[in-house]
Amino acid sequence: MITVKNLKKKFGNKIVLKGINLNVEKGERVVIIGPSGCGKSTLLRCINGIEKLTSGKVIFEGKDINSKNVDINKIREKMGMVFQQFNLFPHLTITENIILAPVKLKIMTKEDAVKKAVELLELIDLKDKKDMYPSQLSGGQKQRIAIARALIMNPEVMLFDEPTSALDPEMVDEVSNLMKDLAKNGMTMIVVTHEMSFVKECASRVIFMEDGNIVEEGTPKDIFENPKSDRLKEFLSKVK
Amino acid sequence: MEVLFNIWGAIVNFFQNTWDSFYQTIIYDNRYIYILEGLFNTLIIALFAVIIGIVIGVLVALIRNNYDRNNKFKLLNKIACLYVNIIRGTPQILQLMIIYYIIFGTVDINIVFVGILAFGINSGAYVSEIIRAGIESIDNGQLEAGYSLGLNYSKVMRYIILPQAIKNILPALGNEFITLLKDTSVGAYIGIVELTKASDIIASRTYDYFFPLIIVAIIYLILTIGLSKLISMMERKLSNDYS
Ligand SMILES: Nc1ncnc2c1ncn2[C@@H]1O[C@H](COP(=O)(O)OP(=O)(O)OP(=O)(O)O)[C@@H](O)[C@H]1O
Ligand SMILES: [Mg+2]
């Protein structure tokens, strides 16, 4: 579904991604781990085209997303993204946040979108918040709304960039559980996270990055119980 | 007794003179009409200039932001930058004179219209900077969240960035309007009968500057203080929304 080919990314003179190759099939849940600054966020942002590549390719469902003939906005409709800082729209109510894209992109009528939004809000247990503003919600609630906002587009794949890192510890589970539900329902996911319960329960593959490279990849079992490279061993000893 | 009498006389005299001066300035020969005309022109010029300024300012700001973000509109962006630099880098009075004496030098044209145009063009440069700053004050995450949902640049601007930026933009625009209102006095230099020129005309008839200048100063003050009250009311209302 997603193929990353020899992806390189520079910021000025700084090489942040040094030739990433990655293939994600439909239904996979790929988790990316690695030390701060190794390029995890940059990789995700290149995959949905928010960040322009220096060289290499990102192919989504057979289309080179950076090709001139491809409408990147159409691609992004099919790739949901969830950010560490939620990035809800503070001037819109919860319902308005969720329905903005499908309505303005004329994918749904407003009535249908509102109906769908209510369904999603029921699913994430936040129906009573539908007319509130983001500033009236807790971090965990905001992040669940952000996930719902991405889900209403019926994405083929969801990208998560440290979705629980900005949350107070007691709110991690509500977001993590929602992600587990998505995983169980077969959603294709690429997740940057250090939330181990999600990784252990849901990841079909774990990728360890360091310094702009993929150093090691394998099943959660391979990676956590049988790490091969010294750098991964060192990283795991720090995380634990 | 005589002393008291003298003081009384002086007081009466003072009020008599003041009244005479006021009478000469305002009432005699219907001179107040100059002030009314001046006030009218000042308000008309400021109002229409700020409208022109907003139209130009929004266009220039969007062109420049689009260039900064998406590398689009290269040529237009160059022109927009040049425009902003020229306007901000030359005295307003000179811009007014160039437009009046050079650009419209050979055509017969309503001078108030020239004023509106010149002040509007001038204001556009400052308004564009206000709007640009307003747009840039919005966290980049908002733009990225909009993009990630499949919205394009213009939809993200329209539905996500500008509605939030307006909170910062409107009060600054109000202040720009106040500045503009005062700056229209520069128009006196090319003979636009706005408030300041009106007071000058009256004073040149009476050879008495006191009332013409003071009255006009009070009018400016009433306008600007009233406007800034309005702006801070608006600011309070805006900041109460969704926070
Ligand atoms: N817009 C940018 N301009 C310049 N440098 C950047 C930019 N974005 C990221 N970088 C640099 O690229 C490197 C990788 O950043 P990235 O955010 O991808 O790391 P990360 O693995 O997500 O780290 P973290 O775990 O802290 O989120 C860092 O050194 C960062 O300073
Ligand atoms: Mg990151």
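Since the model is a prediction, treat every value here as computed from it, not as a measurement. Chain letters run A, B, ... following the sequence lines, proteins first, then strands; residues in each count from 1.
With a 4.5 Å cut-off on side-chain heavy atoms, B:Lys167 and A:His91 do not count as touching. A:Pro90 is listed as a side-chain neighbour of B:Gln164, based on a closest heavy-atom distance under 4.5 Å. When side chains are defined from C-beta on, A:Asn87 counts as touching B:Asp139, because their heavy atoms get closer than 4.5 Å. Between B:Ser148 and A:Phe83, the closest side-chain pair of non-hydrogen atoms falls below 4.5 Å. Put simply, the side chain of B:Leu149 does not reach to within 4.5 Å of the side chain of A:Leu100, judged on heavy atoms.
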Applying side chain to side chain contact (heavy atoms under 4.5 Å, CB included), run through A:Asn73 and B:Leu151 and close with a yes or a no. CA-CA 6 Å; A:Asn73 296 308; B:Leu151 300 167; over 6 Å; no

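Of all the listed residues (B:Ala145, B:Gly146, B:Gly150), the one sharing the greatest number of non-hydrogen pairs under 4.5 Å with chain A is B:Gly150. Of the listed residues (A:Arg149, A:Lys74, A:Met153), the greatest number of heavy-atom pairs within a distance under 4.5 Å of chain B belongs to A:Arg149.
Considering every non-hydrogen atom in both B:Lys155 and A:Lys104, the closest pair reads CE-O, 3.1 Å.
Atom NZ of A:Lys180 has more than 12 neighbouring heavy atoms from other residues, nucleotides or ligands inside a 6.0 Å radius. The environment of OH in B:Tyr83 is crowded: more than 12 heavy-atom neighbours from other residues, nucleotides or ligands sit within 6.0 Å. The number of heavy-atom neighbours closer than 6.0 Å to CZ of B:Phe48, taken from other residues, nucleotides and ligands shown, is 12 or below. Heavy-atom contacts from other residues, nucleotides or ligands closer than 6.0 Å to NZ of A:Lys116 number more than 12. Around CZ of B:Arg69, the count of heavy atoms belonging to other residues, nucleotides or ligands within 6.0 Å exceeds 12. More than 12 non-hydrogen atoms from other residues, nucleotides or ligands lie less than 6.0 angstrom from NZ of A:Lys52. B:Tyr101 OH: more than 12 foreign heavy atoms inside a 6.0 Å radius. In B:Phe113, the CZ atom is not crowded: 12 or fewer heavy atoms of neighbouring residues, nucleotides or ligands sit closer than 6.0 Å.
Only the backbone of A:Leu88 comes within contact range of chain B, with heavy atoms under 4.5 Å apart. Only the side chain of A:Arg45 has a heavy atom closer than 4.5 Å to any heavy atom of chain B. Both the backbone and the side chain of A:Met81 come within less than 4.5 Å of a heavy atom of chain B.
In this structure, the separation between OH on B:Tyr147 and CD1 on A:Ile72 is 11.0 Å, given to the nearest 0.5 Å. Here the straight-line distance linking atom CD of A:Gln85 with atom CD of B:Glu144 works out to 11.5 Å at 0.5 Å rounding. One finds the CZ atom of A:Arg76 at 10.0 Å from the CG atom of B:Asn152 (value rounded to the nearest 0.5 Å).
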